[in-house]
Amino acid sequence: MCGIAGWVDLSGLGPDAQAIAERMNDEHVRRGPDGSGTWLSRYAVLAHRRLSVIDIENGEQPMLYPAAPGSETRWALTYNGELYNYRELRSELSSRGHRFRTSSDTEVVLAAWVEWGVRAVERFNGIFALSVWDDREETLWLVRDHLGVKPLHYHHDGERLIFGSEAKSILAHPDVVTAIDEDGLRQLVLPLLKFPGTNPYRGISEVLPGQILEFSRRGIRTIRYWDVKDLVGRPSESKDLGEAVGRLRALLDDTVTRQTIADVPLCTFLSGGLDSSAITALANGLPGRGGVSSFSVDFADASDSVDSRSALDRRFAREAADHIGSRHSNIVLDSALLAREDVRDATVRARDLPNGFGDLDTSLLLLCREVRKHATVALSGEAADELLGGYLWFHEPRAVWADTFPWIADSPAHGHLHQRVLGTIDPGLARTLRLDEYLRDEYATALGGLTFDPALSREERRHREIIHLAVSYFLPMLLDRNDRLSMASGLEVRVPFTDHRIVEHLVTMSQQVHNAGGREKGVLRDAVSDLLPVGVLERRKSPYPTTPDPEYARTLERQLASVLDDPPDGLADIFAPEVLAPGGLADSARSHGLVSNFEGEVVLNFASWLRQYSPKLAI
């Protein structure tokens, strides 16, 4: 895992290209603490920060082809990710005459591109964001993996295209001047949504998951090589539960086997939930592993709170670990560390954005920092809920049949978080942004172009619609969070459930098979029933834990008071005056029948973001 950056200027590079490339590269130092490299030609600059995972001694980037000393470079590659089937591809490419100097997957990616061009990506199994420059044809390609696990942003201004793993690297280029306009503000104040291909920073876009972007003197064109929208309307792949269960287990076995390939220590995240426990059990059972290390997050004040989320996770994680045989560690965080302003600033900086999840984000960052002391790679159970209908909003009628994204519908299915955040926004700003109209348009766009097999029932069509919405608008937000906060700690997180073969299998299953036995994710429970204890197999979905320590809330109150005494420019333009008044945030939480830190964390995140990013943009 790494960070990539660079640009192509078809009018020629300026004299400061090397210095600018290094400045952009420095923004990714946490993504790639093990090495740095740049390569320049007449028109192109590629930069790379490396986190060494496979072939530690070799595999430096940017990587060139031909690689023989003195030969003229045609292709140059900078690549972030892992190719899990690189050994099979390496064998095939060797049979076609390619000779390899390293044992890295990077060299396989480059050789595959030389051999098959853009069609190479159809053979890739992995997570990747990459850039290939053809110096002879003066053409740049940007490529992103099927589900968009690895981020890739770009800025296009005519004859020049600037790209980077994160927006901050693009913003480090002196010629990029951006702003947060009305569209950007809409994205910032609408929680729990990530709109495909967009970014709140004006002029910065994202390569879509499953997309290739080509830039040359002919301009920009895009190729969509994979899209979940093409899958969800198909006839059910299998109506036979046994067949579906067997196929899912075989895919999980193969995927976890592939994703445990690493030349560095590897571990798993284990919350004691079904998804993470299944991944941990599969990884632990591989020959030669000798017991995988697993980690969970806990809070120092939660020991006597037997019904708290963290206490439940602690109990189930220990039960799972004891049954599986993993070497388990419970990472305990105290509220003073969670509430530290430098930790909040680092979290906002990692995400480039203020619209996060409060202490759910800071605790994940701190967990990743601690895990990084023991391992470089971690496997996560992320994405199973979106693919298998694990959330309450797949089942709660008011959410299911709402004429909007079901997780933001005014129902208890996601804690009313959407309504709670909008309740803090300045009413005048909300009217200016026409948020309801914007959401209606986005929802219509999201469902536009979906076609369904006529044999599917109304209920089945809606289930498939929600899966599409979840995979395209909800999961990307979580994958981005996962990538940013782990990579900010120099930890690579792999996500087996996002293997495109598993996705293709799951999204064409019927709702009845998904919910086999009358339980959400029933097909997954059946597929791993021989691996897990009964308590974990039967456990219902539990949200990621938050700290129950009242001292955390009191610390937030003090921080808010300090911020509001001297607010950064722009804060009062976003939030309602009564929310910024003393006690206003507590009133906002109580008005939704909940007392929570969430609203206060929203304001503090925006304040941190404004302090760090406002010098580079106008709001």
Side-chain angles (χ1 to χ4, degrees), residues 146-148 190-196 208-210 226-239 244 248 274-275 381-419 439-479 497-498 500 502-516 518-525 540-541 543:
H146 301 72
L147 271 293
L190 288 172
L192 307 177
L193 283 166
K194 185 167 175 60
F195 299 107
L208 288 168
W226 191 91
D227 192 346
V228 72
K229 180 178 281 191
D230 298 333
L231 303 171
V232 293
R234 293 179 181 176
S236 295
E237 181 184 88
S238 173
K239 297 181 181 179
L248 177 57
L274 174 66
D275 313 329
E382 196 82 84
D385 286 309
E386 290 77 13
L387 295 166
L388 282 158
Y391 294 111
L392 181 59
W393 37 266
F394 274 93
H395 309 280
E396 204 274 331
R398 275 191 295 167
V400 169
W401 297 108
D403 192 20
T404 188
F405 300 93
W407 57 91
I408 68 171
D410 192 8
S411 83
H414 216 294
H416 297 281
L417 288 186
H418 176 75
Q419 289 73 30
L439 265 178
R440 283 195 300 271
D441 290 345
E442 287 294 335
Y443 181 67
T445 298
L447 295 184
L450 282 179
T451 58
F452 293 98
D453 174 44
L456 297 177
S457 67
R458 174 174 178 262
E459 290 74 17
E460 182 68 27
R461 286 198 302 272
R462 184 56 179 166
H463 182 67
R464 301 287 190 92
E465 284 181 346
I466 296 177
I467 286 177
H468 164 63
L469 295 172
V471 172
S472 302
Y473 288 80
F474 189 80
L475 180 60
M477 172 186 58
L478 298 182
L479 293 176
F497 281 105
T498 63
H500 68 277
I502 292 178
V503 175
E504 289 165 1
H505 181 52
L506 292 180
V507 302
T508 54
M509 276 184 192
S510 70
Q511 184 177 17
Q512 182 180 7
V513 173
H514 277 173
N515 300 331
R519 293 292 309 276
E520 78 283 358
K521 298 192 289 190
V523 66
L524 177 60
R525 297 177 199 274
R540 291 196 173 275
K541 170 70 179 174

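No experiment lies behind these values; they were computed from the predicted model shown.
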Visitor: Using a strict 4.0 Å threshold on nitrogen-to-oxygen distance, state whether R440 and D403 make a salt bridge.
Guide: no
Visitor: Side-chain contact test, heavy atoms from C-beta onward, threshold under 4.5 Å: evaluate it for V232 versus T508 and give yes or no.
Guide: no
Visitor: Quick one: does E460's side chain get under 4.5 Å of S510's, heavy atoms only?
Guide: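 Sidechains of S510 and E460: in contact.
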Visitor: Quick check: closest heavy atoms across L248 and L506, and the distance to 0.1 Å?
Guide: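 Heavy atoms only, the tightest pair is CD1-CD2, 4.0 Å.
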Visitor: Using every non-hydrogen atom in the two residues, find where F497 and G381 come nearest and quote the distance to one decimal.
Guide: CD1-O, 3.6 Å
Visitor: Is the closest basic N to carboxylate O distance between R462 and E465 below 4.0 Å?
Guide: yes
Visitor: Any side-chain heavy-atom pair from M509 and V523 closer than 4.5 angstrom?
Guide: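 Yes, at least one pair of side-chain atoms sits under 4.5 Å.
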Visitor: Nearest 0.5 Å, please: how far is CG in L208 from CG in D227?
Guide: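 Going from the CG atom of D227 to the CG atom of L208 covers 8.5 Å.
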Visitor: Report the distance from atom CD of Q511 to atom CG of L456, rounding to the nearest 0.5 Å.
Guide: 11.0 Å
Visitor: What pair of heavy atoms forms the shortest contact from K541 to E520, and how long is it?
Guide: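 In this case the closest contact between K541 and E520 is N-OE2, 4.0 Å.
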Visitor: Answer yes or no: is there a donor N or O on one side and an acceptor on the other, between the side chain of H468 and the main chain of D230, under 3.5 Å?
Guide: no
Visitor: Give me the atom names and distance for the closest heavy-atom approach of P476 to V471.
Guide: CD-O, 3.2 Å
Visitor: Is the backbone N or O of G390 less than 3.5 Å from a side-chain atom of H395, with the two atoms forming a donor-acceptor pair by type?
Guide: no
Visitor: Mind checking whether F474 and Y391 have ring centres under 6.0 Å apart?
Guide: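 Yes - the distance between ring centres of F474 and Y391 falls below the 6.0 Å cut-off.
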Visitor: Does this structure show an ion pair linking E504 with R234, if we count only N-O contacts that are shorter than 4.0 Å?
Guide: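 No salt bridge links E504 with R234.
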Visitor: Between the side chains of R461 and D453, is the shortest nitrogen-to-carboxylate-oxygen separation below 4.0 Å, so that they form an ion pair?
Guide: no
Visitor: What's the separation between atom CD in E382 and atom CG in L147, rounded to the nearest 0.5 Å?
Guide: 11.5 Å
Visitor: After noting the C-alpha distance and the side-chain angles of W407 and L392, does the key distance pass the side chain to side chain contact (heavy atoms under 4.5 Å, CB included) rule?
Guide: CA-CA 9 Å; W407 57 91; L392 181 59; over 6 Å; no
Visitor: With a 4.5 Å limit on heavy-atom distance, are the side chains of L190 and F195 in contact?
Guide: yes
Visitor: Rounded to the nearest 0.5 Å, what's the gap from CG on L231 to NE2 on H500? Could you check?
Guide: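 One finds 10.0 Å between CG of L231 and NE2 of H500.
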Visitor: Are the side chains of Y473 and K194 in touch, meaning some heavy atoms are under 4.5 Å apart?
Guide: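 Of all side-chain heavy-atom pairs linking K194 with Y473, none is under 4.5 Å.
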Visitor: Is the closest side-chain heavy-atom distance between L274 and K521 below 4.5 Å?
Guide: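 Side chain of L274 against side chain of K521, heavy atoms only: contact under 4.5 Å found.
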Visitor: With rounding to the nearest 0.5 Å, note down the distance linking CG in L469 to NZ in K229.
Guide: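 Rounded to the nearest 0.5 Å, the CG-NZ separation comes out at 9.5 Å.
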Visitor: Any idea which heavy atoms bring P196 and S472 closest together, and the distance?
Guide: CG-O, 3.7 Å
Visitor: For residues I467 and H514, determine if any side-chain heavy atom of one lies less than 4.5 Å from a side-chain heavy atom of the other.
Guide: yes
Visitor: So I408 and L439, side chain to side chain contact (heavy atoms under 4.5 Å, CB included) or not? Walk me through it.
Guide: CA-CA 10 Å; I408 68 171; L439 265 178; 3.7 Å; yes
Visitor: Please report the interatomic distance CG(D385) to CH2(W393), rounded to the nearest 0.5 Å.
Guide: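 The CH2 atom of W393 is 8.5 Å from CG of D385, to the nearest 0.5 Å.
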Visitor: Locate the shortest heavy-atom distance separating P406 from A399; write the atom from each residue and the value.
Guide: CB-O, 3.2 Å
Visitor: Report yes if some heavy atom in the side chain of L192 is under 4.5 Å from a heavy atom in the side chain of F405; otherwise report no.
Guide: no
